[in-house]
Structure formats: C-alpha cells, structure tokens
There are 2 protein chains.
Amino acid sequence: MSEKEKCISCKKCNQKCPMDLKGADRRMANSKKMDYVLLGLLSHEPMTGYEMKKRLDTTLRFFWGGSYGSIYPTLNQLETEGKVTKEDTSSNGREKISYSITESGKETLKEWLKKPAEKDELRYETLLKLFFGNENGFEGAKEHIDCFEEKCRNELVVLNMFAENLMQYLENDTHKYYYLTVQFGIKTYEAYLDWCKEAKEQMKEWEKK
Amino acid sequence: MSEKEKCISCKKCNQKCPMDLKGADRRMANSKKMDYVLLGLLSHEPMTGYEMKKRLDTTLRFFWGGSYGSIYPTLNQLETEGKVTKEDTSSNGREKISYSITESGKETLKEWLKKPAEKDELRYETLLKLFFGNENGFEGAKEHIDCFEEKCRNELVVLNMFAENLMQYLENDTHKYYYLTVQFGIKTYEAYLDWCKEAKEQMKEWEKK
DNA sequence: AAATAATATATCAGTTTGATACATTTGTCA
DNA sequence: TGACAAATGTATCAAACTGATATATTATTT
C-alpha cells in the first residue's frame with residue numbers, strides 16, 4: 001500500500017497524512033495583535049474607544065474582530081508605553097476620551113507592517129457541523145448549508161454597498177487599501193455561494209444511490 | 001448628502017455605514033466549542049488526546065484549530081460529565097489513554113448538530129496588514145500578497161491531495177462529509193489566488209497615475 | 001550505538017471574547 | 001413638550017483558548 005492510498009481520516013483505513021505537514025507552521029506565536037489594530041486605526045485619524053469598536057464591527061468585520069474587553073485595557077497600556085496620547089473631550093457629564101497616535105506608536109506600527117503575517121485562520125462552525133454531520137444526515141447538512149448561504153448573501157449585499165460607496169473616495173490613499181480588502185470579501189463570499197450550490201448538488205447525487 | 005454618499009471609513013468624509021448592521025448578529029455566544037469538536041471526533045472512532053490534536057492539525061486544519069491546553073482539560077471534564085469514557089491502554093511505561101464516546105455524549109453532539117451555527121469567522125492578519133498598508137506603501141502591500149499567495153498555493157497542493165485520496169473512500173459515509181469540507185477549502189483558496197492576482201493588477205493601475 | 005523523530009499526557013501565563021453595568025445624549029413620535 | 005427608545009461612551013469580569021513548554025517513552029534512522 002503506497003502512501004497515497006492510505007486514508008487520512010480514520011484508523012480503519014490506516015490513517016496517514018499523504019503529505020508532511022510538520023513544517024506547515026500553523027499555530028505560531030499568539031502575540032498580542034490588538035495593539036497593532038488600534039495603532040492602525042489611529043494612524044488614519046484620532047478617535048474614541050467606542051469608535052474603534054464601531055470600526056471593527058463595520059469596516060473590518062469581514063476579516064477581524066475585537067471586543068471592549070481588549071480595546072480599553074490595551075489603550076491604557078499603549079498610553080503607558082507612550083504610543084498613544086489621551087485627550088479628555090468630555091462635554092458636561094458624558095465621559096469622552098479621544099486617542100491619538102504618537103511618533104513612537106507610528107514607528108511600532110511600521111515595524112509590524114514590515115514583518116510578514118504570522119497567522120491567517122478560518123474558524124467556521126458551519127464546516128464543523130458539516131464535517132461531523134454523519135450523526136445528523138444529509139437533511140441536517142443541507143439546513144446548515146442553507147443557513148450559511150443566506151448569511152453569505154447578506155454579507156455580499158453589504159460588501160457590494162461598501163465597494164460602490166468607496167468608489168467615490170478612491171483618490172484618498174488609505175481608502176485604496178480598504179477597497180482591496182472589500183474586494184477580497186466579495187471574492188470569498190462569491191466562492192462560498194458557489195460551493196453551497198455544488199455541495200447540495202453533490203448530496204443529491206449521493207442520495208440517489 | 002444621501003446616506004449612500006457618506007463615506008464609511010473615516011470621519012472627514014462624514015463617516016456613516018450605508019447599511020444598518022445592528023441586527024447583523026456578529027459576536028454571539030462564545031460558548032465552549034471544544035466539547036463538540038472532541039465529541040465529534042470520538043463519534044468517528046475512539047482515540048487518544050494526542051491523536052485528536054493530530055486530526056485538528058491535518059484533517060480539520062482548514063476550518064478549525066485546537067491546542068493541548070484545551071484538549072486535555074476538556075476531556076477530563078467530559079469524562080466527569082459521563083460523555084466520554086477513559087480506557088488505560090498504556091504499554092510498559094508510556095502512558096496512553098484511549099477515549100470513547102458514550103450514549104450521553106452522542107446525545108449532546110446530536111443536539112448541537114441540530115442547532116444552527118452561531119458564528120463563522122475569518123481572522124486574516126494578511127488583510128489587517130493590507131488594510132493599514134498606507135504606512136507601508138504599495139511595495140509592502142505586494143510583499144504581503146505574495147507571501148499570502150505562496151501559502152495559498154501550498155495549501156491547495158495539500159487539499160488537492162486530500163481530495164484525490166478521499167475519492168477512494170467515498171463509500172464510507174463519514175468521509176462524504178469530509179469530502180465536502182475539502183471542496184470548500186479548494187474553492188476558497190482558489191478564490192484567494194484569484195484575488196491576489198487582481199489586487200496586484202489594481203495596484204499597478206494605481207501606480208501608473 | 002547514538003541521535004533524532006514520533007507518541008503521549010499535562011500545565012500555565014497571556015490574550016481575547018461575550019456579556020454586562022452604568023451614565024449621558026440624541027432622535028423619534030404622539 | 002414630554003416620554004421613550006436608540007446611540008454614544010467607559011469600564012470590568014469570568015470563561016475560553018492559544019502557544020509554549022516540561023517530561024517521558026518508543027520507534028526510526030544513521
């Protein structure tokens with residue numbers, strides 16, 4: 001039995017990976033990323049912590065996330081390190097702190113930008129439920145795919161709006177990079193939709209037999 | 001100025017999201033997922049913790065991960081809850097514990113499989129570096145894309161091998177679902193490569209002007 | 001026979017999440 | 001105008017997970 005013929009997914013078929021993955025460098029340093037995310041946002045313009053959260057939920061939502069629980073503590077840490085400065089812009093009773101990036105902060109950001117990306121990852125619960133779907137049958141699998149398909153369609157609507165909207169601001173340099181990431185989102189969601197269709201067709205084939 | 005004309009990426013252009021995202025249900029319950037991952041793996045066949053880690057690094061690597069730090073504690077917890085059973089299969093001095101799923105564990109897995117997926121997410125450091133790339137210039141952006149492109153090509157080689165290998169085992173039901181996830185991986189990595197090419201072309205256009 | 005790789009369990013500090021608490025300001029509509 | 005809802009804003013916490021590392025044995029290569 002050659003390496004290629006060995007099954008890679010269970011012991012019964014003599015489980016063996018057909019390729020050496022030891023150098024595949026998944027799971028690298030889990031170094032703190034929030035620093036760079038916040039410095040990056042502040043490199044565009046000064047803003048509050050609340051606003052950074054909003055950016056993460058709208059502009060960056062297709063490829064990165066973040067919660068208050070890491071935003072505010074990180075901002076304080078960055079201030080201690082002299083990489084951002086606070087400015088109290090409270091009006092009346094409402095607390096409001098506007099953050100700006102310092103030269104030192106810009107330096108830190110630039111250094112990070114020069115280094116290659118450590119880790120890109122997907123964490124698709126839909127795929128997880130599909131992979132273990134044997135206990136759930138084709139019907140269950142189809143439901144998960146339908147649900148995923150709908151989400152993708154919704155995301156595509158948003159992304160296409162973003163792209164259209166951005167067209168008017170492409171003379172702004174920072175927006176060029178934003179545009180590229182939006183195109184990435186569009187390309188991937190279109191691929192997902194494509195896969196949804198094919199996967200359901202494949203299951204129909206299997207059901208016939 | 002209509003909603004559509006407002007810029008969604010900075011304050012200068014009167015930042016406003018062209019779409020209401022409040023109901024977009026990003027960031028839902030961060031409930032423990034490792035339970036289900038391990039139960040899912042054990043629903044295929046009994047194995048050790050070490051082997052589960054290996055599966056995560058090979059078979060599931062394209063859409064899910066996991067570390068020893070959550071595998072072993074979760075296995076102990078699952079045993080306490082009666083959802084898996086331990087069997088000591090040590091030989092001589094080497095400790096070896098084989099885990100099996102119980103009826104109760106299968107029930108838990110099935111219930112989870114029936115519920116819709118809570119959250120699918122991308123965490124692409126490459127896109128992050130690209131988005132903040134203004135500080136780094138087109139040259140820097142291209143380097144990140146080249147690096148990403150190479151990773152994608154490598155992943156595609158592995159995935160195509162997986163697909164080819166799996167063809168021989170498609171009569172095995174659980175492998176059908178595995179096959180679908182591999183197809184997902186292939187589709188998405190192909191889309192990524194497509195985007196890499198277009199993004200670099202786009203940047204060339206911008207450079208001309 | 002020695003060195004290296006693979007198997008195997010286990011723990012820990014550091015990072016992030018999702019939820020929630022609390023308070024004020026703005027917008028809506030009756 | 002006044003009441004109510006939504007948006008703005010800061011902050012913290014338990015629970016989850018990662019990446020690294022420690023430790024030890026067995027299998028494979030040189």
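These numbers were taken from a predicted model, which means no experiment stands behind them. First the proteins, then the strands, lettered A, B, ... as listed; each starts at 1.
For B:Lys33, whose side chain is taken as the heavy atoms from C-beta onward, the closest listed nucleotide among D:dT8, D:dG9, D:dC17 is D:dC17.
The shortest distance between the side-chain N/O atoms of B:Lys96 and the OP1/OP2 oxygens of D:dT26 is not below 4.0 Å. The phosphate of D:dT10 has neither OP1 nor OP2 within less than 4.0 Å of any side-chain N or O from A:Tyr50. In this structure, B:Lys53 does not reach the C:dA8 phosphate: none of its side-chain N or O atoms is under 4.0 Å from OP1 or OP2. Regarding contacts with the backbone of D:dA11, every side-chain N or O of A:Tyr68 stays at 4.0 angstrom or more from both OP1 and OP2. When the side-chain nitrogen and oxygen atoms of B:Ser70 are compared with OP1 and OP2 of D:dT18, one or more of them lie within a distance under 4.0 Å. In this model, the phosphate group of C:dT16 is not approached by any side-chain N or O of A:Arg123 to a distance below 4.0 Å at OP1 or OP2. Put simply, B:Ser67 has a side-chain N or O that comes within less than 4.0 Å of OP1 or OP2 on D:dT18.
Taking the side chain as every heavy atom from C-beta outward, A:Thr108 and A:Glu81 never approach each other to under 4.5 Å. Between B:Asn136 and B:Glu143 there is no side-chain heavy-atom pair separated by less than 4.5 Å. The shortest side-chain heavy-atom distance between A:Ile97 and A:Tyr99 falls under the 4.5 Å cut-off. Using a 4.5 Å heavy-atom threshold, the side chains of B:Lys96 and B:Tyr50 count as separate.
Between A:Tyr124 and B:Phe184, the ring-plane angle classifies as tilted under the 30° and 60° cut-offs.
The distance from atom CE of A:Met52 to atom C1' of D:dT8 is 14 Å, rounded to the nearest whole Å. In this structure, A:Lys32 places its NZ atom 6 Å from P of C:dT16, rounding to the nearest Å. In this structure, A:Leu56 atom CG and C:dT16 atom P are separated by 12 Å, rounded to whole Å. A straight line from CE of A:Met47 to P of D:dT8 spans 14 Å, rounded to a whole angstrom. We find that CD of B:Gln77 is positioned 12 Å from P of D:dA15, with the value rounded to whole Å. Put simply, CG on B:Leu78 is 15 Å from P on C:dT9, counting in whole angstrom units. Atom-to-atom, CD of B:Glu95 to C1' of C:dT11 comes out at 14 Å; the value is rounded to the nearest Å. Regarding A:Asp88, its CG atom lies at a distance of 15 Å from the C1' atom of D:dA11, rounded to whole Å.
Between B:Phe148 and B:Tyr192, the ring centre distance stays below 6.0 Å.
Contact annotation for A:Thr48: backbone-only contact, meaning every heavy-atom pair under 4.0 Å involves sugar-phosphate atoms and none involves a base. At the heavy-atom level, B:Gly69 lies under 4.0 Å from base atoms of the strands shown.
Applying ring-ring contact (aromatic ring centres under 6.0 Å, His included) to A:Phe131 and the options B:Phe62, B:Tyr36, B:Tyr178 leaves one that passes, B:Tyr178.
Of the residues near DNA chain C, B:Ile97 and A:Asp35, the one whose nearest nucleotide (by heavy atom distance) lies more toward the 5' end is B:Ile97.
One axis for each end of the helix from C:dA1-D:dT30 to C:dA30-D:dT1, each built from five base pairs, and the angle between them comes to 50° at 10° resolution.
Between A:Glu103 and A:Lys106 there is a salt bridge, since at least one side-chain N of the basic residue sits less than 4.0 Å from a carboxylate O of the acidic one.
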